[in-house]
J.: 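My structure is below; once you've seen it, I'll send some questions.
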Amino acid sequence: MNGAPPKAGRREWLGLAVLVLPVLLVSITVTVLYFAVPFLSVDLRPSGTELLWIVDIYAFLLAGLLIAMGSLGDRIGRRKLLLWGAAAFGLTSAAAAYAPSAELLVVARALQGAAAATLMPPTLALIRNMFHDPAQRRTAVALWAASFAGGSVLGPIVGGWLLEQAWWGVVFLMNVPIMLLLLALGPLLLPEYRDPRPGRFDLWSAVMSLAAVLPVVYAIKQLAGGGAVLEAAGALALGLLFGLGFVRRQHRLASPMLDLSLFRDRGFGVSLLTGTLAIFALVGVFYFVSQYLQMVLGLRPFVAGLLTLPAAGMALAGALVGAALVSRFRPGPTIAAGMLVACAGFLALAQVGPGSGDAILVTGLALLGGGIGVVQALASDLVVAVAPPERAGSASAVLEAATELGGALGVAVLGSMGLAVYRSAFVAPEGLAPEVARIAGETLGGAAGVAVDLPGHLADAVLGSARAAFTEGMQLSAVVAAAMLGVAALLTAVTLRRLEAGVVPGEDG
């Protein structure tokens with residue numbers, strides 16, 4: 001290409017601010033519920049398995065539908081899909097806010113996740129269309145990535161403040177005015193883009209992509225809830241079978257829903273993996289941190305949320321620093337360094353306990369926020385730069401599906417590990433009725449719920465045992481997260497060592 005690519009102006013940067021709104025909100029929605037868990041546990045009395053479904057079915061359906069929605073946006077128009085999604089997300093958020101039972105809240109969260117799937121792919125794809133200069137694009141993607149990672153951290157802060165003002169449903173109602181703002185500003189500031197030669201939208205591919213995810217999710221949930229192993233294994237095999245069928249179908253289609261040739265680029269594949277693992281670790285551990293602050297340390301929701309603020313601020317700083325460093329240093333070592341910083345943060349969190357003080361907690365959160373900010377910014381830019389403009393929606397959907405699935409799996413896998421530790425470590429005090437002991441031994445929220453109706457000395461004993469057991473589970477999850485990121489850092493440094501500094505496949509100029 002001759003000449004320098006065109007620079008983005010004021011309208012593009014204002015448009016970026018509009019695009020950040022749904023990303024920030026969708027990301028906040030993944031973790032904002034964590035601080036509402038104690039209130040939900042008392043009000044709706046969900047079982048341990050129901051509680052895990054309430055927390056992460058949203059992210060699983062979001063991940064399962066992203067590839068289909070990315071392809072749909074490339075065909076019908078990315079701005080159009082974004083605005084349709086905004087309306088649907090607002091309506092389903094209101095439904096979740098007023099759910100009268102745990103079962104109906106699970107349904108509402110599922111619908112909310114399906115609506116969120118229409119919001120995510122257009123945002124990163126439109127950034128590729130709006131920012132053609134590589135340096136500007138990296139900064140724009142860094143801000144996008146910071147909003148995604150930072151939103152996961154800001155969720156507890158926003159949720160903590162809201163929960164001090166109203167009932168738990170307010171954490172969902174906050175989405176409605178933001179979606180109305182997006183509907184008002186989107187048509188004014190965002191360009192429309194669709195693939196000029198889109199091909200036919202393949203409905204079977206959409207069905208198969210969802211059918212590949214949901215049985216796997218069911219298998220994880222069965223194992224997490226102590227369900228039948230054979231049933232879980234059968235569901236997992238079914239999901240993998242549909243996944244294989246989906247891949248084979250993409251090879252045969254003239255206009256595939258997922259362009260498998262993207263995976264031939266090492267930068268795309270490795271970046272996808274590192275970004276997924278980073279969100280897996282972040283969201284999985286934050287599932288414990290938010291409950292620890294409230295239900296172990298006994299902090300007010302807003303005060304507990306403020307303690308997570310360093311992670312959000314450092315996520316933004318890390319993303320911007322990463323975007324600046326990649327113009328001078330190779331992406332592989334830079335991403336690996338970010339993962340090692342996050343690894344140190346998780347190791348610090350593994351030392352946190354009731355008597356450890358706030359300094360270790362805040363330091364750990366700041367380190368993991370900054371490290372994951374670097375990883376998300378650079379991994380996202382490598383992924384979006386590889387794809388041609390007409391397939392940016394598909395590439396964005398793959399990235400977002402992987403990271404959303406990573407976040408949901410983080411809750412399911414690390415949450416299940418912590419739950420197993422809790423159940424094995426909880427010791428019911430003498431004199432506790434068997435049925436009450438069973439409820440208290442399932443979750444920390446369950447223990448808090450039954451303690452309300454117990455005599456003082458018995459309530460203290462139940463809560464003491466439950467808090468100690470929960471802390472053990474949180475510490476184990478942090479150690480596992482640190483180990484995963486340490487291995488991923490080594491993998492990234494080795495496999496991307498030859499990728500030159502500031503050179504990204506598919507970059508203009």
Side-chain angles (χ1 to χ4, degrees), residues 13 16 19-20 23-24 27 123-124 127-128 131 133-154 266-283 310-346 365-386 395-396 399-400 402-403 406 485-486 488-507:
W13 289 108
L16 176 65
L19 290 176
V20 163
V23 176
L24 187 64
S27 183
T123 58
L124 190 55
I127 288 175
R128 175 66 188 267
F131 295 89
D133 176 75
Q136 286 189 325
R137 189 201 65 234
R138 280 194 293 268
T139 301
V141 171
L143 291 170
W144 179 92
S147 68
F148 190 88
S152 299
V153 179
L154 283 173
R266 183 176 295 180
F268 182 91
V270 175
S271 298
L272 195 66
L273 177 62
T274 56
T276 302
L277 289 177
I279 293 297
F280 175 99
L282 174 69
V283 177
M314 289 300 292
L316 175 59
L320 295 175
V321 168
L325 287 177
V326 79
S327 63
R328 301 182 58 189
F329 303 100
R330 296 191 179 198
T334 307
I335 294 175
M339 299 199 89
L340 290 176
V341 170
C343 180
F346 286 117
L365 292 176
L367 287 172
L368 72 88
I372 288 178
V374 172
V375 174
Q376 284 298 104
L378 300 188
S380 300
D381 185 62
L382 285 174
V383 167
V384 76
V386 166
S396 302
L399 170 67
E400 290 148 9
T403 52
L485 291 193
L490 178 61
L491 173 69
T492 303
V494 171
T495 56
L496 297 185
R497 67 187 184 278
R498 295 181 180 176
L499 192 62
E500 294 294 333
V503 178
V504 179
E507 221 172 47

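Nothing fancy with the numbering, it's 1 onward along the sequence. Remember, predicted model here, so these are calculated numbers, not experimental data.
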J.: In Å and rounded to the nearest 0.5 Å, what is the OG1 to CG distance from Thr495 to Leu490?
T.: 9.0 Å
J.: Output a table of donor-acceptor pairs, distance under 3.5 Å, between side-chain atoms of residues 274-283 and any protein atom two or more places apart or on a different chain; print 'none' if there are none.
T.:
residue, atom, partner, partner atom, Å
Thr274, OG1, Val270, O, 3.2
Thr274, OG1, Ser271, O, 3.0
Thr276, OG1, Leu272, O, 2.7

J.: Taking all non-hydrogen atoms of both residues, which atom of Ala489 and which atom of Ala336 are closest, and how far apart?
T.: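 Result for this residue pair: O-CB, 3.4 Å.
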J.: Please name all residues satisfying side-chain contact (heavy atoms from CB on, under 4.5 Å) with Ala366, sequence neighbours left out, ordered by chain then number.
T.: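 Result, side-chain contact (heavy atoms from CB on, under 4.5 Å) vs Ala366: Pro310, Met314.
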J.: About how many Å separate CZ of Phe346 and CG of Leu365, when rounded to the nearest 0.5 Å?
T.: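 Rounded to the nearest 0.5 Å, the CG-CZ separation comes to 9.5 Å.
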J.: Kindly give the heavy-atom pair with the smallest separation between Ala342 and Leu485, and that separation in Å.
T.: CB-CD1, 3.7 Å
J.: Nearest 0.5 Å please: distance from the CG atom of Leu367 over to the CG atom of Leu340.
T.: 11.5 Å
J.: Does Thr492 form a side-chain contact (heavy atoms from CB on, under 4.5 Å) with Leu273? I'd like the steps, not just the answer.
T.: CA-CA 9 Å; Thr492 303; Leu273 177 62; over 6 Å; no
J.: State, with a plain yes or no, whether a side-chain heavy atom of Phe131 is found less than 4.5 Å away from one of Leu16.
T.: yes
J.: Between Thr123 and Ile127, is there a side-chain heavy-atom distance shorter than 4.5 Å?
T.: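 No, every pair of side-chain atoms sits at 4.5 Å or beyond.
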J.: Rounded at 0.5 Å granularity, tell me how far CG in Leu143 sits from CZ in Arg138.
T.: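 Here the rounded value is 13.5 Å.
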J.: Among side-chain atoms of Ser380 and Trp144, is any donor-acceptor pair under 3.5 angstrom?
T.: no
J.: Between CG of Leu325 and CG of Leu378, what distance do you get to the nearest 0.5 Å?
T.: 8.0 Å
